[in-house]
Amino acid sequence: MSTTKTAIVTGAARGIGAAVARRLASDGFAVAVIDLDEAAGKPVVAEIEAAGGRAIAIGADVADEAAVEAAVERVATELGAPTVLVNNAGVLRDNLLFRMTADDWDTVMNVHLRGSFLMTRAAQKYMTKAGFGRIVNLSSTSALGNRGQANYAAAKAGLQGFTKTLAFELGKFGITANAVAPGFIETEMTAATAARMGVAFEDLKAGAAAEIPVARTGVPDDIAHAVSFFVSEGAGFVSGQVLYVAGGPKA
């Protein structure tokens with residue numbers, strides 16, 4: 001790749017984001033580990049550096065316009081112009097519709113949709129200048145509808161429309177935009193879901209695996225592998241796509 005290989009991963013302190021950050025570092029990228037709390041990203045940076053890679057941790061609320069602009073500028077200054085962006089930051093505020101508060105709705109929309117918009121708008125100027133870019137947005141099988149997740153499902157479906165529009169607008173600049181839609185992935189987030197449901201995590205995983213064609217639940221590295229493909233130089237003719245990484249067909 002002729003451009004500076006710098007990648008930004010949001011929500012990268014744990015789970016899927018951390019796995020993606022580690023994978024991109026192993027692929028040769030310098031990685032900006034962005035999360036709400038800068039300290040939370042330090043262990044991931046330490047892992048990457050211990051393996052011989054380059055990374056920095058940055059604390060930023062992706063829904064905060066000024067914080068996003070400052071974070072992306074810092075990445076460009078300290079690591080080099082970012083040409084890869086993985087919008088992974090996300091939160092859950094699950095509830096049935098009649099119990100869901102306006103704050104539950106707004107929080108999820110702000111992090112997933114506004115956050116992805118702000119991060120992409122800030123990063124794309126570096127990509128257009130370089131004539132190369134890769135944007136990967138984290139959607140979810142919940143985009144197809146999921147009980148108790150009206151907010152999350154709407155946000156994750158919205159990211160698919162956002163992704164396809166980016167593909168149209170940015171393609172002529174050598175930039176692709178794709179989405180990865182995970183199914184059940186073993187993370188702290190799904191463990192918290194089990195706790196909230198009053199179910200043992202192992203039981204939740206076993207129940208999910210029984211419904212998945214490949215007969216297992218996913219792990220963060222499954223998603224990191226898909227992201228690695230989308231951001232590769234060889235994937236330049238793949239854009240505007242949604243890849244369901246869910247152990248079987250979804251859509």
Side-chain angles (χ1 to χ4, degrees), residues 6-22 24 30-46 48 55-79 81-95 100-127 133 135-140 142 149-159 161-163 166 177 179-180 182 187-190 192-193 220 223 227:
T6 299
I8 295 173
V9 184
T10 67
R14 60 189 67 78
I16 290 171
V20 169
R22 287 191 296 264
L24 295 188
V31 181
V33 174
I34 295 185
D35 213 285
L36 202 52
D37 175 23
E38 186 163 323
K42 293 274 174 75
V44 179
V45 169
I48 289 170
I56 56 171
I58 297 176
D61 176 357
V62 295
D64 181 324
E65 190 170 6
V68 165
E69 292 290 341
V72 174
E73 202 168 298
R74 190 178 153 198
V75 173
T77 301
E78 296 185 29
L79 288 182
T83 52
V84 168
L85 170 64
V86 181
N87 286 309
N88 168 74
V91 292
L92 291 175
R93 293 293 185 271
D94 294 354
N95 226 324
M100 189 174 287
T101 67
D103 280 348
D104 290 338
W105 179 271
D106 291 343
T107 298
V108 169
M109 290 298 155
N110 282 341
V111 175
H112 294 271
L113 287 177
R114 179 181 166 91
S116 294
F117 158 67
L118 291 174
M119 287 298 306
T120 304
R121 191 181 63 178
Q124 60 83 31
K125 61 188 175 192
Y126 294 100
M127 299 181 191
I135 298 161
V136 181
N137 298 316
L138 268 290
S139 180
S140 168
S142 292
Q149 290 195 315
N151 49 3
Y152 188 77
K156 291 305 196 183
L159 279 171
F162 179 62
T163 299
L166 293 177
V180 176
T187 63
E188 288 177 28
M189 194 180 267
T190 46
T193 298
I223 307 306
V227 173

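All heavy atoms count here, side chains included; hydrogens, waters and symmetry mates do not.
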Under the rule for side-chain hydrogen bond (donor to acceptor under 3.5 Å, both in side chains), what residues qualify as partners of Asp94, not counting sequence neighbours?
Gln149, Arg196
Under the 3.5 angstrom rule, does the side chain of Asp104 hit a backbone N or O of Thr101 as a donor-acceptor pair?
yes
Sequence neighbours left out, what passes side-chain hydrogen bond (donor to acceptor under 3.5 Å, both in side chains) with Ser116? Give chain and number order.
none
Salt bridge (Lys or Arg N to Asp or Glu O under 4.0 Å) partners of Arg14, counting only residues at least two apart
Asp35, Glu188
Heavy atoms only: give me the nearest Met100-Asn95 pair and the separation to one decimal.
CE-O, 3.2 Å
Taking all non-hydrogen atoms of both residues into account, name the closest pair between Ala32 and Val75 and its distance.
CB-CG2, 3.5 Å
Test item: Asn137 side-chain N/O and Asn87 main-chain N/O as donor-acceptor pair under 3.5 Å:
no
Contact summary for Val108 and Ala155, nearest pair of heavy atoms:
CG1-CB, 4.0 Å
Is there a donor in the side chain of Asn110 and an acceptor in the side chain of Thr107, or the other way round, less than 3.5 Å apart?
no
Minimum heavy-atom separation for Pro182 to Ile16, with atom names?
CG-CD1, 4.3 Å
What residues, two or more places apart in sequence or in another chain, satisfy ring pair (Phe, Tyr, Trp, His ring centres under 6.0 Å) together with Tyr126?
none
Shortest non-hydrogen contact from Asn151 to Met109?
O-CE, 3.3 Å
With Ala157, which residues qualify under side chain to side chain contact (heavy atoms under 4.5 Å, CB included), at least two apart?
Ala143
Start with the C-alpha gap between Leu24 and Val86, add the side-chain angles, then the distance that decides, and say whether side chain to side chain contact (heavy atoms under 4.5 Å, CB included) holds.
CA-CA 10 Å; Leu24 295 188; Val86 181; 4.1 Å; yes
Residues forming a side chain to side chain contact (heavy atoms under 4.5 Å, CB included) with Ala19, sequence neighbours excluded
Arg22, Pro220, Asp221, Ala224
Looking at Ala12 and Val44, what are the two nearest heavy atoms and their distance?
O-CG2, 3.6 Å
Distance-only, no hydrogens or angles: does the Thr83 side chain make a donor-acceptor pair with backbone N or O of Met127 under 3.5 Å?
no
Looking at CD1 of Ile135 and CD1 of Ile8, how far apart are the two atoms once the value is rounded to the nearest 0.5 Å?
10.5 Å
With Ala57, which residues qualify under side chain to side chain contact (heavy atoms under 4.5 Å, CB included), at least two apart?
Glu38, Lys42, Val45
Across all chains, not counting sequence neighbours, the side-chain hydrogen bond (donor to acceptor under 3.5 Å, both in side chains) partners of Glu78 are Arg74
side-chain hydrogen bond (donor to acceptor under 3.5 Å, both in side chains) contacts touching residues 56-71 (sequence neighbours left out):
Glu65-Arg121
Residues at least two apart in sequence or cross-chain that pass side-chain hydrogen bond (donor to acceptor under 3.5 Å, both in side chains) with Thr193, listed by chain then number, are none
Who pairs with Ser140 by side chain to side chain contact (heavy atoms under 4.5 Å, CB included), at least two apart in sequence or on another chain?
Ser142, Tyr152, Lys156
